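Take a look at the structure set out below.
Here, residue 1 is the first one in the sequence, and each next residue gets the next number. What you see is a predicted model; the values in this text were computed from it and never measured.
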Amino acid sequence: MKLKKLLKNLLLITTIILASCVEDGLDGVNGTNGTNGVDGNNIVTNISTELAGTNCTNGGIKIQLGLDTNSNNTLDDSEITNTDYICNGSNGTNGYNVLIATETENEGTNCTNGGLKINIGLDINNDEILEASEITVIDYICNGQTVSEYFSTLAKISLGDGVPEISAFDSKTKTIFSTNSEAREVDVIDISNLSSPQIKSAIDITAYGGNVNSVACKNGYLAIAVEAEEATNNGKIVTFKTDDLSTPYTQITAGALPDMVTFTPDGKYIIAANEGEPNKDYTIDPKGSITLIDVETQATTQIYFDNFNSQEAALEANGFRVFGPGADLSTDVEPEYITVSSDSKTAFIALQENNGIAKLDIDSKTITDIYPLGTKNYSEIFFDLSDKDDMAGKLSYWPVLSFYQPDAIDYFEINGTGYIISANEGDARDYDGYSEEERVEDLTLDPTSYPEAATLQETVNLGRLKVTTANGDIDNDGDIDQIYGYGARSFSIWSTNGVQLFDSGNEFTLKGLFDFGNYPENRSDDKGTEPEAVTTFTENNNTYAIIGLERSGDVLIYNISDIYNPVFVQRLRNTSPEGLVIVDAANSPNGKTLLIVSNESSDDGTLNIYTK
């Protein structure tokens, strides 16, 4: 970008911000529940004589039905939804009186959300009662989609000797299991009585390894991902039956640093993402891998990425990253998160540092595909990328490409089609033995690509942004031809073949600045609000996404039923959301949908429970 254009944008945005913001706002309190929707429209009928013609050869009665949308007690032409006819017989004799009877139609095949059933017929026996044998026409006017109440706070639980990071819910015992890495334990919280949750006990992880990273529950089983005392050694997946936590059900060897564990929806398999991070000196770098465990037989398969070593160059050309010192692809990949298709046949694995999503065929136990996720162009959408510009929200366009690098991902379906939603956090490798991380002010920028480098590298502009030195020296001459950053500061929706269908752009930044007043200016140089967690759920034929923003502390809910046009629904104020769990109404202790948020801040981390 030319300096004049850059400075023009800076002045324009500075003017906007000075006009609209005087000082940082205080964090808002939780919003109140929304009010009930207004009553529906009345049904209006219009009965008139139908002259002899096409509709009734010998004439008859015309019956029109509809909703009185303008509340004038008259059925206007634009309000008519149904038209029926009861025609005279061919002999032209007088017909019988017409009777109309209405009754409530429950939710079901005729009306998904319930509604009104309208029976019409002739009073053949002249008793002024419409009997079943006299009904000639049946119509339905169905209710529209019911909008559920917003989530409201039910409980906030402090663990006392640590903070929760990742949680799971067991429907059999109505128990939450939360990882507590500070205390090196899994805390056990009974929520059978939601008005008084109780921390019952804790599972000491030191008996099984170095520390706990993740938990998952399914069908009365608890799975715990445990890293080894030396994190580069193989870890374990330790399982318990949830009604007997005294002794493990199994202890199964996993790969190095099992970072996330989940069950397939059918409960047949446990799948662990083994991140395989290097040691601090970067002298040991174990392979990233996937552990697949048959719950019934405990048969275990360790799955690696060796078959993709030959595809490394092609993948990198499309935005995949392989950059560890001396590493090939199978060593460099770091599986971060797993989500599984609803038919339990396919797992999708986020490879965060590598900027890709891998696909696992569960039946064949084979990684079949890796999808590079590419970059987001910050010269096309404005962000604040400096924490030292003396103002919150110095928005401008910047010559930066930033890798999406999702942390959490989730699979969901709409009308039978599967999609992946991602929380595009971003992450860098920063070790004693190797670090890719620098600030723009410390880079040597190519003078042809960046002729106004000195201005661009000022701290009030782009100088403070943390970027990578592993990418960007396109011609290998020692300077940076293209600046690359970490994370997209957004959520995205992808096809199951890695094609991006939607990205939320800079909405999290704008909401933090102008709607919520809690934008974390001190993180502008380092991934902004930092979208970390995401999950989805379906209710009343609508699909919702919940995204946790770790640095601003917000949990945001969107209706994503139209994947190309998600609609913001609600904000839940938290402190540092790391893990999100939805409990559907059928399994919930109070018969309503629950949301469990794990906040990992060491200062004020709590386990927050919300209910519909």
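Residue Glu103 places its CD atom among more than 12 non-hydrogen atoms of other residues, nucleotides or ligands, all under 6.0 Å distant.
Between Tyr558 and Gln570, the side chains place no donor N or O within less than 3.5 Å of an acceptor N or O (distance only, hydrogens not considered). Side chains of Ser246 and Asp244: a donor-acceptor N/O pair is present below 3.5 angstrom, by distance only. In this model, no donor atom of one side chain and acceptor atom of the other lie less than 3.5 Å apart for Gln298 and Thr250. Under 3.5 Å, the side chains of Ser422 and Asn424 contain a donor-acceptor pair of N or O atoms. No donor-acceptor contact under 3.5 angstrom links the side chains of Thr543 and Asn559, judged on distance only. Ser158 and Thr606 share no side-chain donor-acceptor pair at under 3.5 Å. In the model, Asp123 has no side-chain atom that pairs as donor or acceptor with a side-chain atom of Asn126 under 3.5 Å. Side chain to side chain, Asn70 and Asp76 meet the donor-acceptor criterion of an N or O pair below 3.5 Å. For the residue pair Ser492 and Asp503, a side-chain donor N or O sits within less than 3.5 Å of a side-chain acceptor on the partner. Side-chain contact of Thr611 with Asn590: a donor-acceptor pair under 3.5 Å is present, judged by distance alone. Side-chain contact of Ser598 with Ser167: a donor-acceptor pair under 3.5 Å is present, judged by distance alone. Side-chain contact, Ser364 with Asp361: a donor N or O sits under 3.5 Å from an acceptor N or O. Between the side chains of Glu134 and Thr136, no donor-acceptor pair of N or O atoms lies under 3.5 Å. The closest side-chain donor-acceptor pair between Asp127 and Asn125 falls under 3.5 angstrom.
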**Q.** Derivation of the side chain to side chain donor-acceptor pair (under 3.5 Å) call for Asn497 and Ser495
**A.** CA-CA 5 Å; Asn497 293 321; Ser495 75; 5.0 Å; no
Q: List the steps, then state whether side-chain contact (heavy atoms from CB on, under 4.5 Å) holds for Val188 with Ile199.
A: CA-CA 6 Å; Val188 183; Ile199 301 177; over 6 Å; no
**Q.** Full working for side chain to side chain donor-acceptor pair (under 3.5 Å) between Ser178 and Glu165
**A.** CA-CA 7 Å; Ser178 290; Glu165 183 175 1; over 6 Å; no
Q: Output, in order, the C-alpha distance, side-chain angles, deciding distance and verdict of side-chain contact (heavy atoms from CB on, under 4.5 Å) for Glu578 and Glu532.
A: CA-CA 6 Å; Glu578 175 78 13; Glu532 173 121 359; 2.6 Å; yes
Q: Run the numbers on Leu549 and Leu556 for side-chain contact (heavy atoms from CB on, under 4.5 Å), then give the verdict.
A: CA-CA 8 Å; Leu549 308 182; Leu556 305 183; 3.8 Å; yes
(Q) As a quick check of understanding, evaluate side-chain contact (heavy atoms from CB on, under 4.5 Å) for Ile362 and Lys365, giving each step before the final call. (A) CA-CA 5 Å; Ile362 294 174; Lys365 303 176 177 59; over 6 Å; no
**Q.** Trace of the side chain to side chain donor-acceptor pair (under 3.5 Å) decision for Asn599 with Asp604
**A.** CA-CA 8 Å; Asn599 291 280; Asp604 50 10; over 6 Å; no
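Put simply, the side chain of Val597 does not reach to within 4.5 Å of the side chain of Leu607, judged on heavy atoms. Considering only heavy atoms from C-beta on, Tyr150 stays 4.5 Å or farther from Ser152 through its side chain. In this structure, Phe502 and Pro566 have side chains that are in contact, with non-hydrogen atoms separated by less than 4.5 Å. Side-chain contact between Thr339 and Ile420: present, with at least one pair of heavy atoms (C-beta onward) separated by less than 4.5 Å. You'll find the side chain of Ile349 stays beyond 4.5 Å of the side chain of Tyr337, heavy atoms only.
Between Gly548 and Leu580, the shortest heavy-atom distance links the atoms N-CD1, 3.9 Å. The two residues Pro589 and Leu594 come nearest to each other via the heavy atoms CD-CD1, 3.9 Å. Gly605 and Thr575 get closest at one heavy-atom pair: CA-OG1, 4.4 Å. Smallest separation of non-hydrogen atoms from Ala408 and Val534: O-CG1, 3.5 Å. Taking each heavy atom of Ala223 and Val261 in turn, the nearest pair found is O-CG1, 3.8 Å. When all heavy atoms of Gly553 and Pro577 are compared, the closest pair comes out as CA-CD, 3.8 Å.
Taking the six-membered ring for Trp, Phe537 and Tyr544 have ring centres closer than 6.0 Å. Residues Phe263 and Tyr269 place their aromatic rings such that the two centres sit no closer than 6.0 Å. Within the 6.0 Å centre-distance limit, the rings of Tyr419 and Phe412 are counted as a close aromatic pair. Between Tyr411 and Trp494, the gap from one ring centroid to the other reaches at least 6.0 Å.
In summary, Glu530 and Arg551 engage in a salt bridge, as defined by a charged side-chain N under 4.0 Å from a carboxylate O. Ion pairing between Lys172 and Asp243 holds under the 4.0 Å rule for side-chain N and carboxylate O. A salt bridge does not link Lys174 to Asp190: none of the charged nitrogens lies less than 4.0 Å from a carboxylate oxygen. A salt bridge does not link Asp363 with Lys345: none of the charged nitrogens is closer than 4.0 Å to a carboxylate oxygen.
A donor-acceptor distance shorter than 3.5 angstrom exists from the side chain of Ser504 to the backbone of Phe491, with no hydrogens or angles considered. Under the 3.5 Å distance criterion, the side-chain polar atoms of Thr366 are left unmatched by any main-chain donor or acceptor of Thr368. At distances below 3.5 Å, at least one donor-acceptor pair connects side-chain atoms of Asp266 with backbone N or O atoms of Lys268. At distances below 3.5 Å, at least one donor-acceptor pair connects side-chain atoms of Asp584 with backbone N or O atoms of Asn587. Side-chain N or O atoms of Ser490 include none that pairs as donor or acceptor with a backbone N or O of Gly505 at under 3.5 Å. Asp170 places no side-chain N or O within 3.5 Å of a backbone atom of Thr242 that could act as its donor or acceptor partner. Under a 3.5 Å cut-off, the side chain of Glu50 and the backbone N or O of Gly59 do not form any donor-acceptor pair. In this structure a side-chain-to-backbone donor-acceptor pair under 3.5 Å is missing from Gln500 to Gly498. The backbone N or O of Thr173 sits less than 3.5 Å from a side-chain atom of Thr175, completing a donor-acceptor pair.
Annotation: the span from Asn518 atom CG to Thr529 atom OG1 amounts to 9.5 Å, rounded to 0.5 Å. To the nearest 0.5 Å, atoms CD1 (Ile414) and CD1 (Ile560) are separated by 5.5 Å. Here OG1 of Thr49 is found 10.5 Å from CD1 of Ile47. Values are rounded to the nearest 0.5 Å.
The cationic group of Arg489 does not satisfy the cation-pi geometry with Phe508, failing either the under 6.0 Å distance to the six-membered ring centre or the 45° limit from the ring axis. With Phe151 as the aromatic partner, Lys612 meets the cation-pi criteria of under 6.0 angstrom to the ring centre and within 45 degrees of the ring axis. The cationic group of Lys359 does not satisfy the cation-pi geometry with Tyr371, failing either the under 6.0 Å distance to the six-membered ring centre or the 45° limit from the ring axis.
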